[in-house]
Novice: 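The structure that follows is given in the form of structure tokens.
Throughout, protein chains are lettered first and strands after them, A, B, ... in sequence-line order, and every chain is numbered starting at 1.
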2 protein chains.
Amino acid sequence: MRPTVNDIARAAGVSLATVDRVLNARPGVRKVTIERVNKAIEELGYVRDLSAANLARRRTYRFVFVLTEGDSQFQHALRETIEEVAQNAARERMAVETVLVPPGDPHHLARVLHGLEDDRAEGVAIMAPETPHVRDAIRHLKENGIAVVSLVSDLPNTDQDHFVGIDSIAAGRTAGVLMRRFLCKNKGKVLVLSNTMILRESVERRLGFDAALIESYPEIEVLPSIEWRDDPDRLERNVRAAFASYDDIIGVYVTGSGNRLFSRVLAPYRQDHDLVYIAHELTEHTRAGLADGSIDVVITQDIGHVVRSTLRVLRAKVDKTEIDAAQERIRIDIVLRENMG
Amino acid sequence: MRPTVNDIARAAGVSLATVDRVLNARPGVRKVTIERVNKAIEELGYVRDLSAANLARRRTYRFVFVLTEGDSQFQHALRETIEEVAQNAARERMAVETVLVPPGDPHHLARVLHGLEDDRAEGVAIMAPETPHVRDAIRHLKENGIAVVSLVSDLPNTDQDHFVGIDSIAAGRTAGVLMRRFLCKNKGKVLVLSNTMILRESVERRLGFDAALIESYPEIEVLPSIEWRDDPDRLERNVRAAFASYDDIIGVYVTGSGNRLFSRVLAPYRQDHDLVYIAHELTEHTRAGLADGSIDVVITQDIGHVVRSTLRVLRAKVDKTEIDAAQERIRIDIVLRENMG
DNA sequence: TTTTTTTTGAGTGACGTACCTCAAAAACTT
DNA sequence: AAGTTTTTGAGGTACGTCACTCAAAAAAAA
């Protein structure tokens, strides 16, 4: 049987009240007594029964996801997953809320974050680009004792507690090495498509991709990234231009969203070109692409895992308990048609 | 605030005791009353507070892992992981025990399983080959109300509640398709190595591998599996014979354990042969192989995930609650040096 | 209708922890 | 040594559920 507070009290030769004062850092206990209690805790290997504790303090963890709006399939899937996971999380005394902020408006985002300080949340999960305003807002949150984690998109230069997601450079490298192998020593050019290179992930993926591909395979030329910035016409124009300029395009790499659109634009060229198509993020569309063979590989991360992990990490931070690194590590998943499941 | 039993009692116009009788399926309640209570539960959306319930009934889940002995790196890693996870599981009122049985002795295994019936365990997790004795023992366990799940190695024709692991045919198919792509239209032979074809996984992996490889790539000949049955000499002999007979071996596929040994035996041939090496299970050794480039791909499953999932599923079965399919799905992981992490 | 059986209500004491009060004891000041 | 302050103890109530008892009420059987 696990030791209880009563066992600690007996072992330390003090009363229950004193043990309680020590455990919950309440004032009015001498240093010597505190040490005596801590020694007993140590010796008996006492660990507080968190579910009993949460029951007693009638606690519900209040967590908020702050996401930038956007209607890419990835964003949809993310929001949906949060919704689903939140349902189950409720059973474990967690109230999860989602707040959407317009993209490209750091002030708005910062205002939202500030608004969370006065006891709307005990923990905040953020997916947004890093800007000075955000850095500032995160510092404030932390100063108010609110746990902060970023998901999918890292915020490395902030006071955040944790990042839940994958290393984008490694993800790009993985894409690069698969491109190299799937190209089979053929010579030619690789098209890279990105909605915007403002997001750190896009840049880092491209970085890793180039490193893995060019380094060991100089016969390949990786073309400059085509950025389409939410403008379908620009995408179409640029892709058309690329195929007009080069007739030896043998691979395409899409570093972020836009697969749906891109696939359509690409279709007419696929008859003449034997293309290796590598994309990121497993969504409805990339899934279909894998199934019908139009996409060869998808590099992704398990969104469900990301969301669940985010909540576990937030709770651990709030409770000041250890996190299980092995469980919280997000893997870079390589998905082919065969292991799509 | 979540509704409590008291709210249900009030809403249904009955006493607490009656609600309790209904909730815990105790006798002495009329059908009409049961329905009234259930209606109230439905309407208020009541869900039993499991942590309060477990606290009250002073419950600790007793789970037993039954594994066949063996000193492959995979088995070691599995046992170690169970050990680790069990530590954390203790905080959630789960007492996890591991029982090892000698391989190839179905009677012993069956006896062990029978021994678990009389209240040693509420749930049993099994990794062992399926035999009539095992089927029988599992049926008995189930009849005694004990939850049974298999892990890693499926037991499809038994009364088990659940299987935690990957589809071996799909895993083999994944290996096959990667072999095909990495071979880059070269012609030649592929060596397949397996400790034993007695285990269903080995057979299924091979099946999937052949299907993916041969079907779309008939220029390749996949050689008959070399079985070494825990005999290093036999492995060495057979590998040597294979390389003596064929000078166009361009790929090797190891369907299970033996990578450590095989790598050593293979080493001298690697200078003359440009080989694609695909293996299963990410262990210390295959990890090192990926790192130094001697292994190209490892197909694996996250052992930590498997073990944690096993415990969650067992608990869900015992509690008769839903399992979160998305969370419990074990993925077929493709591991390259770049995404090893 | 009376008797028997079944169903229901009211209540109690756990489980392990939190959080509170009030009085007593111990530790300090002067 | 007296007073003051700090520290400690004893006790209670609560959280939401379980598991039980005993008596009362309702339903079914005679």
Side-chain angles (χ1 to χ4, degrees), chain A residues 1-41 44-61 90-95 122 318-321, chain B residues 1-41 44-61 90-95 122 318-321:
Chain A
M1 272 290 116
R2 277 167 55 173
T4 75
V5 272
N6 280 294
D7 300 323
I8 302 299
R10 210 171 322 114
V14 299
S15 77
L16 206 73
T18 303
V19 174
D20 179 65
R21 286 179 188 118
V22 173
L23 276 176
N24 296 292
R26 275 186 264 277
V29 188
R30 275 187 304 169
K31 260 177 255 96
V32 273
T33 316
I34 294 181
E35 272 157 31
R36 201 135 51 92
V37 172
N38 282 328
K39 200 169 128 261
I41 288 177
L44 298 194
Y46 168 82
V47 276
R48 179 205 236 101
D49 183 330
L50 263 180
S51 58
N54 287 338
L55 174 61
R57 59 159 69 108
R58 221 172 334 176
R59 163 176 220 146
T60 42
Y61 300 87
R91 298 194 207 310
E92 288 162 53
R93 316 189 115 75
M94 298 194 274
E122 296 165 287
V318 170
D319 288 339
K320 296 189 198 319
T321 57
Chain B
M1 270 291 116
R2 276 167 55 174
T4 74
V5 272
N6 279 294
D7 300 323
I8 302 299
R10 208 172 323 113
V14 299
S15 78
L16 207 73
T18 303
V19 175
D20 179 64
R21 288 181 186 113
V22 174
L23 277 177
N24 297 292
R26 276 186 260 276
V29 187
R30 275 188 304 170
K31 261 178 254 93
V32 272
T33 316
I34 294 182
E35 272 156 31
R36 199 136 50 93
V37 171
N38 282 329
K39 197 168 129 265
I41 288 176
L44 298 193
Y46 168 83
V47 277
R48 172 205 242 104
D49 184 330
L50 262 180
S51 59
N54 288 338
L55 175 61
R57 61 158 67 112
R58 218 176 334 180
R59 163 173 223 147
T60 42
Y61 300 87
R91 298 194 207 307
E92 289 162 54
R93 314 190 119 75
M94 297 194 274
E122 295 166 285
V318 170
D319 288 340
K320 297 189 198 317
T321 57

Novice: Restricting to side chain to side chain contact (heavy atoms under 4.5 Å, CB included), what partner residues turn up for T33(A), sequence neighbours left out?
Specialist: V14(A), T18(A), V29(A), R30(A), R36(A)
Novice: Find the distance between CG (D49(A)) and CG (N54(B)) and round it off to the nearest 0.5 Å.
Specialist: 10.0 Å
Novice: Which residues pass the side chain to side chain donor-acceptor pair (under 3.5 Å) test with R26(A), not counting sequence neighbours?
Specialist: D20(A)
Novice: For residues 5-14 of chain B, which residues have at least one heavy atom under 4.0 Å from DNA chain D?
Specialist: V5(B)
Novice: If you define the side chain from C-beta out and look only at heavy atoms, does anything of K39(B) sit under 4.5 Å from I8(B)?
Specialist: no
Novice: Taking only residues two or more places apart in sequence or in another chain, which ones pass side chain to side chain contact (heavy atoms under 4.5 Å, CB included) with N38(B)?
Specialist: V22(B), I34(B), I41(B)
Novice: Heavy atoms within less than 4.0 Å of DNA chain C: which residues of residues 21-36 of chain B have one? Give them sorted by number.
Specialist: R21(B), G28(B), V29(B), R30(B), T33(B)
Novice: Do E92(A) and S51(B) have side chains that get closer than 4.5 Å, going by heavy atoms?
Specialist: no
Novice: Drop me the distance from N6(B)'s CG to L16(B)'s CG, to the nearest 0.5 angstrom.
Specialist: 5.0 Å
Novice: In chain order, what residues pass the salt bridge (charged side-chain N to carboxylate O under 4.0 Å, His left out) check against R58(A), with sequence neighbours excluded?
Specialist: none
Novice: With sequence neighbours left out, what residues match R21(A) under side chain to side chain donor-acceptor pair (under 3.5 Å)?
Specialist: none
Novice: Anything under 4.0 Å to a heavy atom of chain B counts; send over the first and last such nucleotide of DNA chain D, read 5' to 3'.
Specialist: dG16(D) to dA27(D)
Novice: Can you sort out the partners of E35(A) under salt bridge (charged side-chain N to carboxylate O under 4.0 Å, His left out), two or more places apart, ordered by chain and number?
Specialist: none
Novice: Does R59(B) have any salt bridge (charged side-chain N to carboxylate O under 4.0 Å, His left out) partners at least two apart in sequence or in another chain, and if so, which?
Specialist: E122(B)
Novice: Test of understanding: with ring-ring contact (aromatic ring centres under 6.0 Å, His included), list the residues that count as partners of Y46(A), not counting sequence neighbours.
Specialist: none
Novice: Tell me, which of residues 44-58 of chain B have any heavy atom that sits under 4.0 Å from an atom in DNA chain D?
Specialist: Y46(B), R48(B), D49(B), A52(B), A53(B), A56(B), R57(B)
